[in-house]
Amino acid sequence: MTVDVARDGAVAVVTIDRQDALNALDVETLTELRDRLRELGAAEDVRAVVLTGAGEKAFVAGADIRYMSGLDVEQAKGWGALGHDAARLLETMPKPTIAAINGFALGGGCELALGCDIRFASSRAKLGQPEINLGIVPGWGGTQRLARVCGIGVAKELIFTGRTVNAEEALRIGLVTAIADPVLDRALETAHELAGKSRLALSLAKELVNMSPGALDHESQEFGALFSSEDAIEGLTAFAGKRAPKFVGR
Ligand code: COA
């Protein structure tokens, strides 16, 4: 078992466990991760997903370099597509995904974290896109998502130099939103908080935030349409009634 899925109530914790290679992703591990994420995205009773790495040292130290060194062009395209699938599932599943970055998040590891909606880092975390030092480029969405999360200038500097950043710098540049030890506790706390909110409103918020700035019209339409939901009526009236809302997902 290289990808463990544990349940903590409505929260699923996905742990990548290949510690002898600092949780670097080979084809078996990445395929398993993609498959588990697909299941969790579809599971109605899972309301939030936390992604982390096993052990003390690494979140994910990247794609497996030994595996990649033997790939021809067609195989490399398939490898890129598999990583894209995993990152896109994290980005688009209709529930929040949180990266608990407990150590090295390099290359593909940083890209999986960037696919998540929220990133928290332990104080020992190190993040970056060192592909340039291997003569390649980020291939699982890093060129786009790092620029979206941190701005194009930061993304270019990090991708061009391959420099890694520590947790403090990651926080300063917006690559993570908090530093916490143990980071998994912080991720679980937020995941449980989000699991208690309206599933309907949260999934729409995610979809809207993911859209390009050109989608402002869509936002106003969807914002209005949401007011016909039981959850919006409940949430808005509960506030006025000074009571906690009870959301039903409709
Ligand atoms: N792919 C394959 N194996 C990896 C790996 C990766 N991305 N990252 C680490 N490993 C393996 C190492 O080869 C080593 O295996 P070995 O014991 O069989 O030799 C083991 O994990 C431990 O790594 P090691 O380099 O000894 O640990 P370290 O603490 O000295 O250094 C890193 C840690 C993360 C700085 C270093 O492993 C590294 O630079 N890894 C590659 C990171 C990278 O470029 N990722 C992007 C790939 S696109």
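As the structure lists them, so they are numbered: ligands from 1, and atoms in each ligand from 1. Residue numbers run from 1 in the order of the sequence given. From a predicted model like this one, the values you see are computed outputs, not experimental measurements.
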Looking only at protein heavy atoms, identify the closest one to [atom] and say how far it is in Å.
{"atom": "atom 4 (C) of ligand 1", "value": "A21 O, 3.8 Å"}
{"atom": "atom 6 (C) of ligand 1", "value": "A24 CB, 3.5 Å"}
{"atom": "atom 3 (N) of ligand 1", "value": "R66 NH1, 3.5 Å"}
{"atom": "atom 34 (C) of ligand 1", "value": "L106 CD1, 3.7 Å"}
{"atom": "atom 44 (O) of ligand 1", "value": "P130 CG, 3.6 Å"}
{"atom": "atom 27 (O) of ligand 1", "value": "K57 NZ, 3.6 Å"}

With a 4.0 Å cut-off on N to O distance, would you call [X] and [Y] a salt bridge?
{"X": "E234", "Y": "R250", "value": "no"}
{"X": "E91", "Y": "R88", "value": "no"}
{"X": "R163", "Y": "E169", "value": "yes"}

What closest approach, in Å, do [X] and [Y] show between heavy atoms, and which atom pair accounts for it?
{"X": "F59", "Y": "A99", "answer": "CZ-CB, 4.2 Å"}
{"X": "A187", "Y": "V50", "answer": "CB-CG1, 3.9 Å"}
{"X": "I233", "Y": "S228", "answer": "CD1-O, 4.5 Å"}
{"X": "P130", "Y": "G107", "answer": "CD-N, 3.3 Å"}

Non-hydrogen protein atom less than 4.0 angstrom from [atom]:
{"atom": "atom 47 (C) of ligand 1", "value": "yes"}
{"atom": "atom 25 (O) of ligand 1", "value": "no"}
{"atom": "atom 29 (O) of ligand 1", "value": "yes"}
{"atom": "atom 42 (C) of ligand 1", "value": "yes"}

Under 4.0 Å, heavy-atom basis, I'd like to know which part of D20 is in contact with ligand 1: side chain, backbone, both or neither.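 Under 4.0 Å from ligand 1, D20 contributes backbone atoms alone.
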Please classify the A61 to ligand 1 contact at 4.0 Å (heavy-atom distances, strictly less than): side chain, backbone, both or neither.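 It is both parts that get close, each with some atom under 4.0 Å.
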State the CG-CD distance between L89 and E39, to the nearest 0.5 angstrom.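 Between atom CG of L89 and atom CD of E39 there are 11.0 Å.
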Nearest 0.5 Å, what's the CG-OG1 distance between N102 and T15?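 With rounding to 0.5 Å, CG (N102) is 8.5 Å from OG1 (T15).
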Of V14, N23, L184, D4, which meets side chain to side chain contact (heavy atoms under 4.5 Å, CB included) against T52?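 Looking at V14, N23, L184, D4, the match for T52 under the side chain to side chain contact (heavy atoms under 4.5 Å, CB included) is L184.
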State which residue, out of I16, L25, T2, fulfils the side chain to side chain contact (heavy atoms under 4.5 Å, CB included) condition with L30.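 That would be L25; it is the only one of I16, L25, T2 passing the side chain to side chain contact (heavy atoms under 4.5 Å, CB included) with L30.
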Could you list which atoms of ligand 1 come closer than 4.0 Å to a heavy atom of D64?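 Going through ligand 1 atom by atom, the ones under 4.0 Å from D64 are 1 (N), 2 (C).
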Hey, which atoms in ligand 1 end up nearer than 4.0 Å to a heavy atom of E131?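 Those of ligand 1 that fall under 4.0 Å from E131 are 48 (S).
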Out of I132, N23, L22, whose heavy atom is nearest to atom 23 (O) of ligand 1?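 Considering heavy atoms of I132, N23, L22, the nearest to atom 23 (O) of ligand 1 sits in L22.
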Tell me the nearest of A63, G62, S69 to atom 7 (N) of ligand 1, using heavy-atom distances.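 Comparing heavy atoms across A63, G62, S69, the nearest one to atom 7 (N) of ligand 1 lies in A63.
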Do any heavy atoms of M68 fall under 4.0 Å from ligand 1?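 Contact present.
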Polar proximity ligand 1 side, I65 side, N/O cut 3.5 Å exclusive: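 Yes, there is a polar N/O contact under 3.5 Å.
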